[in-house]
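Below, read A as the first sequence line, B as the second, and so on, with proteins coming before strands; counting in each chain starts at 1.
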Amino acid sequence: MPAVSKGDGMRGLAVFISDIRNCKSKEAEIKRINKELANIRSKFKGDKALDGYSKKKYVCKLLFIFLLGHDIDFGHMEAVNLLSSNKYTEKQIGYLFISVLVNSNSELIRLINNAIKNDLSSRNPTFMCLALHCIANVGSREMAEAFASEIPRILVAGDTMDSVKQSAALCLLRLYKTSPDLVLMGEWTSRVVHLLNDQHMGVVTAAISLITCLSQKNPDEFKTCVSLAVSRLSRIVSSASTDLQDYTYYFVPAPWLSCKLLRLLQCYPPPEDGAVKGRLVECLETILNKAQEPPKSKKVQHSNAKNAILFEAISLIIHYDSEPNLLVRACNQLGQFLQHRETNLRYLALESMCTLASSEFSHEAVKTHIETVINALKTERDVSVRQRAADLLYAMCDRSNAKQIVAEMLSYLETADYSIREEMVLKVAILAEKYAVDYSWYVDTILNLIRIAGDYVSEEVWYRVIQIVINRDDVQGYAAKTVFEALQAPACHENMVKVGGYILGEFGNLIAGDPRSSPLVQFNLLHSKFHLCSVPTRALLLSAYIKFINLFPETKATIQEVLRCDSQIRNSDVELQQRAVEYLKLSSIASTDVLATVLEEMPPFPERESSILAKLKKKKGPGAVSVPELDDKREGGELNGGAPPISSTPSPSADLLGIRSAAPIGATPTSTGSLLVDVFSEAGPAAPSAAVNDDGFLSSAPPSEDPDTLLSEADELLNKFVCKNNGVLFENQLLQIGIKSEYRQNLGRMYLFYGNKTSVQFASFTTTVSCPGELQSHILSTKPVEPLVEGGAQIQQVLNIECLTDFSEAPLLNIKFRYGGALQNLSLKLPVTINKFFQPTEMTSHDFFQRWKQLSQPQQEAQKIFKANHGMDTEVLKAKLLGLGTALLDDVDPNPENYVCAGVIQTKGQQVGCLLRLEPNGQAQMYRLTLRCSKDSVSMRLCELLAQQF
Amino acid sequence: MCIRFLLLFSRQGKLRLQKWFTAISEREKKKIIRDMTTMVLARQPRTCNFLHWKDLKIIYKRYASLYFCLAIENQENELIALEVIHRYVELLDKYFGNVCELDIIFNFEKAYFILDEFLIGGEIQETSKQIVNRAIEASDMLQETMEEYMSKPAF
């Protein structure tokens, strides 16, 4: 008989427990248990009625057996019998058994509820508490049905003992959580709030949990609790460490209650009453001050309790997000903890700073700790602390430090714990996308990710990089060049092969001009990886091969031979075999035209929420990604003051994340055709700027509300669309506007797509189009748009345009809507320019010069000499001139380097004939542009427009 | 406080006490117990006392041969949860006098009763050590006056 047994000591139980402990093997234990179960069963079934003590002892043994992990399928009835015993110990064991082993047997629940009912009405506080504990422990719906109306009465009755009140409050909370519909608000609710004033600290402690939960669900009904909570908190915070007697814990007055009060206040906005608010701010300051005082005890319990209150106070300060002074103090305090010798405090400081990083008042203050946090990421011994450091880096990341943070995360990835690698990869991918200031950096980062942690790069990540490359013609050349280089590594991750295969299949032509990356070299490089890859990758590569046949007819024979070999055409994998057979046939039967159509460059992907972000959300729960979300709110706030900056896509403030990303809506790929980018050029990231689409990626101005900048940027925007009809007209954090337009004669139709990038509805959405100055181009009809644009939705508007006479000012589009209460107002120029109404005119050299001479009056000619803004690539120039709408005339100019074009502008009133001559000087990187038109204003305008294009 | 469960287990991973504050199936409980013991026992010494697990925070602390492991909801305060554990240990210590693992094994029902006086439905009912102890002693008094029990046979 061990001496450890205390209280009434059930000797039989102690002996049984000793026996179990002495069992040498699992089998012996099971044998002993089975023997005991048989014994108990026979006792319960026996003819002799068991006395209360024996019943209690056997029920307790069954409980012990159950807690060892064995199933118990009898004894419930005996336990229920114990409930109605008038002996406390028997009742207690009965309740314990029910609490631990409750069974959904409805017959039993009815009996249990009966016993509980009796105890609740017994007026014996010990029995009442036992019954309440049981309800709270079981918390089933049946119990809620039976007692949800009874317990509030017990809670607020004047003669209820304190200990019963405490149990009743928490019991009610449990029922409210499981069956909120059964706990009806009523007269008792206001009296519950006043328990915050109760003399007994234990009652306050228990009641406040209930009040907090009820406040979260019914804030208005409980809002009187705010001032009560503040005064209670104030009394505790200002009390001396001995005032509260046993509620002082290691010299800290009422730490649990303080934390709960601070938590309750987080259910509400800052108090409106100045006096209450003043008192609260005083409390918060006192708490922050106390953190600086020397500790009253060396015990860890003292500092834990004190800091628990401090962290809860900081949570409240962050929740209010309105006291810059307190926020910065909080941040400084956490900064001190970042270097504390207690690992727990470092961990919590990192965690708490994550939320501070999302406040506009403290974001900058948090950023000052970047070196410490990076250091933590590198040196902390504890993986969970390192993980918090990584979370904080993610949260504090913005445009200013993205490159540093991404670089640090990448280098950490090389040694990161396996458990957090996948999440790290997602975070790096998101940051790289969100804060990409140039897309070549983005492409580099993702390829590095694949190189360093290829196994952890999920499909979402590599799909995303491809989506972005497809949707951004300015990065395609660079991406092709970079994957080509990456694939040259002797061992590269299969994900790299996938990205490489896809990108070279689409854009390999952009680097094919260099003999070192000629089509055949590209193909051989890809094919050298083929045999090491899994089936899905091989399938992807086969598709890349057929794309090669289209891009580079010279590779046709080689690739056909590969497709024809037995290992492809008779591959045991159905998918691979089918692809090989079909691609082989396609390449041999289809004409070049058909091939070109079938294998056309991929159209831009429809924009949607970044799949990576979705994945992170799924992985971490919605709370985890709330930080970047908040970040949006902050940036959005800046916009409320005035019109958002207009800049060509993507402005530095527009990021790549799907929810905010820029992508042409329904736009057809622009003619990057045979654009060549030197693979090995030193220009590196600058190379893509040679592309047709001169999105001012690197150059676009930072957000500005200066109307002059707005206007000039608006002109730039207009310039972007002179030679193309489709694309993204405008984009900020909230809204993306895509356009698609078509023109015939003097008529045009423009489709505007307004996409709501947020998850919040835009209300009162209206658009108006006006033609400033003389009414030159006439917007015939605009159907009003729907006033509500749901989060994530896109609406369409059609404009019919008629050109009445020639014009120089573009029509203005004004958009107004409400986003989260704030009125957004923005004006944009619609890219309707005079050249849209061109009809191309083919003519011979002779005709051309004859007309040229006819238009010889000085005012009919407009001429400009200007420096080349972009590369002087022939194909690009041709594509632009065709995009202009004129006919490009070959063999007209005696100098084959020059370009001449002819067209007629159709207005309602008249036709204006136009001739154009563009003379490039490759050495000087200059152009001379000459226009001759039958109407002088048209010559001027076209000359202005075109001088920006080359 | 929103505590979801409390587990006490030994360094060998033997479960000594389990308290669940929400309805969870037995199968799920077994899975959680397995996860917790492997996770917590794998921790290096002198690391922090907090872990993230699914959508919960796990707060654990070792006292002699026993690990106390508390799961709280995500927005809850870790440090105060750590002191919930400590207060429970103090309550056990006060009752048993220099409590050890064996006390909890042989008097598991007492460990439950003490816990019920301290926490209900995952929330703190009473933080005062004196008051909780008085309640426990009072119920022991109720037991020990029943002399009849003392003369009963062991089996």
Side-chain angles (χ1 to χ4, degrees), chain A residues 2 4-8 11-12 14-15 17 21 53-54 60 63-64 67 69 87-89 92-93 96 126 133 136-137 139-140 163 166-167 170-171 173-174 178 201-202 205-206 209 246-247 249 254-257 259 301 304-305 307-308 311-312 343-344 346-348 381-382 384-385 621 623, chain B residues 1-2 15 17-18 21-23 30 44 46-52 55 74-75 77-80 82-84 86-87 95-96 100 102-103 105-110 112-113 116 120-131 135 138-140 142-144 146 148-150 152-155:
Chain A
V4 283
S5 185
K6 207 183 151 165
D8 65 317
R11 266 193 305 142
V15 170
I17 294 175
R21 285 179 54 77
Y53 172 82
S54 308
C60 213
L63 187 56
F64 181 79
L67 289 171
K87 297 203 176 77
Y88 180 74
T89 45
Q92 200 183 21
I93 293 290
L96 179 61
T126 351
H133 292 181
N137 278 325
S140 69
S163 61
Q166 286 167 273
S167 301
L170 295 177
C171 182
L173 171 57
R174 174 72 201 267
T178 40
M201 294 280 272
T205 308
S209 297
D246 205 35
Y247 289 92
Y249 180 81
W256 283 281
L257 183 52
C259 286
Q301 282 76 27
N304 279 351
N307 291 326
F311 277 106
E312 207 59 64
T343 313
N344 284 345
R346 294 199 303 276
Y347 174 98
L348 293 174
R381 291 173 52 223
D382 184 348
S384 33
V385 183
Chain B
M1 193 65 230
C2 287
L15 190 66
L17 192 96
Q18 46 176 317
F21 296 107
T22 48
K30 285 194 173 139
Q44 301 291 316
R46 282 189 303 284
T47 48
C48 75
N49 297 88
F50 318 128
L51 289 169
H52 276 219
D55 58 342
N74 216 348
Q75 74 285 356
N77 189 316
E78 291 97 335
L79 286 176
I80 207 76
L82 204 51
E83 296 318 300
V84 166
H86 188 73
R87 172 75 358 144
Y95 181 78
F96 290 107
C100 67
L102 280 183
D103 291 318
I105 296 171
F106 281 97
N107 302 282
F108 68 96
E109 80 282 10
K110 290 282 187 255
Y112 275 109
F113 297 149
D116 274 346
I120 297 184
E123 298 285 344
I124 301 172
Q125 168 170 235
E126 181 55 79
T127 65
S128 160
K129 199 154 64 168
Q130 285 172 11
I131 295 181
S139 74
D140 268 358
L142 282 172
Q143 295 176 353
E144 276 161 351
M146 307 199 175
E148 52 180 4
Y149 287 163
M150 306 312 285
K152 292 290 171 185
F155 282 92

Problem - Donor-acceptor contact below 3.5 Å, side chain Gln125(B) vs main chain Ala206(A) - result: no

Exercise for the section: Go through the atoms of Ile17(A) and report whether side chain, backbone, both or neither lie under 4.5 Å from a heavy atom of chain B. Expected result: both

Exercise for the section: Could you please spell out the steps behind the side-chain contact (heavy atoms from CB on, under 4.5 Å) verdict for Ile93(A) and Tyr112(B)? Expected result: CA-CA 10 Å; Ile93(A) 293 290; Tyr112(B) 275 109; over 6 Å; no

Exercise for the section: Indicate the ring-plane relationship of Phe50(B) and Tyr347(A), choosing parallel, tilted or perpendicular according to the 30° and 60° boundaries. Expected result: tilted

Handout entry: Among Ile131(B), Leu15(B), Thr127(B), Ile105(B), residue most engaged with chain A (heavy-atom pairs, under 4.5 Å)
Key = Thr127(B)

Exercise for the section: Measure Leu67(A) against the heavy atoms of chain B and call it side chain, backbone, both or neither at under 4.5 Å. Expected result: both

Practice task
Ignoring hydrogens and angles, tell me if any N or O in the side chain of Arg381(A) forms a donor-acceptor pair with the backbone of Arg46(B) under 3.5 Å.
Solution key: no

Fill in the blank from the handout: So CD of Gln166(A) and CD of Glu123(B): to nearest 0.5 Å the spacing works out to 13.0 Å

Practice task
Evaluate the side-chain proximity of Leu348(A) to Glu78(B): yes if any heavy-atom separation is below 4.5 Å, no if none is.
Solution key: yes

Exercise for the section: Specify which of Gly122(B), Ala135(B), Ser128(B) makes the most heavy-atom pairs with chain A at under 4.5 Å. Expected result: Ser128(B)

Exercise for the section: Please state whether the side chain, the backbone, both or neither of Phe108(B) comes within less than 4.5 Å of a heavy atom of chain A. Expected result: side chain

Practice task
Please flag which part of Leu17(B) lies under 4.5 Å from any non-hydrogen atom of chain A: side chain, backbone, both or neither.
Solution key: neither

Problem - Cys60(A) versus chain B, the contacting section by heavy-atom distance below 4.5 Å - result: both

Problem - Beyond-backbone contact of Thr47(B) with Ser384(A), side-chain heavy atoms, under 4.5 angstrom - result: no

Practice task
Taking the side chain as every heavy atom from C-beta outward, state whether Arg21(A) and Leu102(B) have any pair of such atoms under 4.5 Å apart.
Solution key: yes

Problem - Residue Ser167(A) versus chain B: region with a heavy atom under 4.5 Å - result: both

Practice task
Find the one option among Leu170(A), Asp246(A), Thr343(A) whose heavy-atom pairs under 4.5 Å with chain B are most numerous.
Solution key: Asp246(A)

Practice task
Using the side-chain hydrogen bond (donor to acceptor under 3.5 Å, both in side chains) rule, take Thr205(A) and Glu126(B) through it: C-alpha gap first, then chi angles, then the decisive distance, then the call.
Solution key: CA-CA 7 Å; Thr205(A) 308; Glu126(B) 181 55 79; 5.9 Å; no

Handout entry: Min side-chain heavy-atom separation Asp382(A)-Gln44(B) under 4.5 Å
Key = no

Problem - Side chain, backbone, both or neither of Asp55(B) within contact of chain A (heavy atoms, under 4.5 Å) - result: neither

Problem - Segment of Glu83(B) engaging chain A (4.5 angstrom heavy-atom cut-off) - result: both

Exercise for the section: Pick one of side chain, backbone, both or neither for Ile120(B), based on which atoms fall under 4.5 Å of a heavy atom in chain A. Expected result: both

Problem - Gap separating the CG atom of Asn304(A) from the CG atom of Leu82(B), nearest 0.5 angstrom - result: 5.0 Å

Practice task
Would you confirm whether Asn77(B), through its side chain, and Phe311(A), through its main-chain N or O, come within 3.5 Å as a donor-acceptor pair?
Solution key: no

Handout entry: Minimum side-chain heavy-atom gap Asp116(B)-Asn137(A) below 4.5 Å
Key = yes

Practice task
Could you tell me the separation between the OG1 atom of Thr22(B) and the CZ atom of Arg174(A), rounded to the nearest 0.5 Å?
Solution key: 6.5 Å

Practice task
Taking the side chain as every heavy atom from C-beta outward, state whether Lys129(B) and Tyr249(A) have any pair of such atoms under 4.5 Å apart.
Solution key: no

Handout entry: Chi angles and distances behind the side-chain hydrogen bond (donor to acceptor under 3.5 Å, both in side chains) call for Gln130(B), Tyr247(A)
Key = CA-CA 9 Å; Gln130(B) 285 172 11; Tyr247(A) 289 92; over 6 Å; no

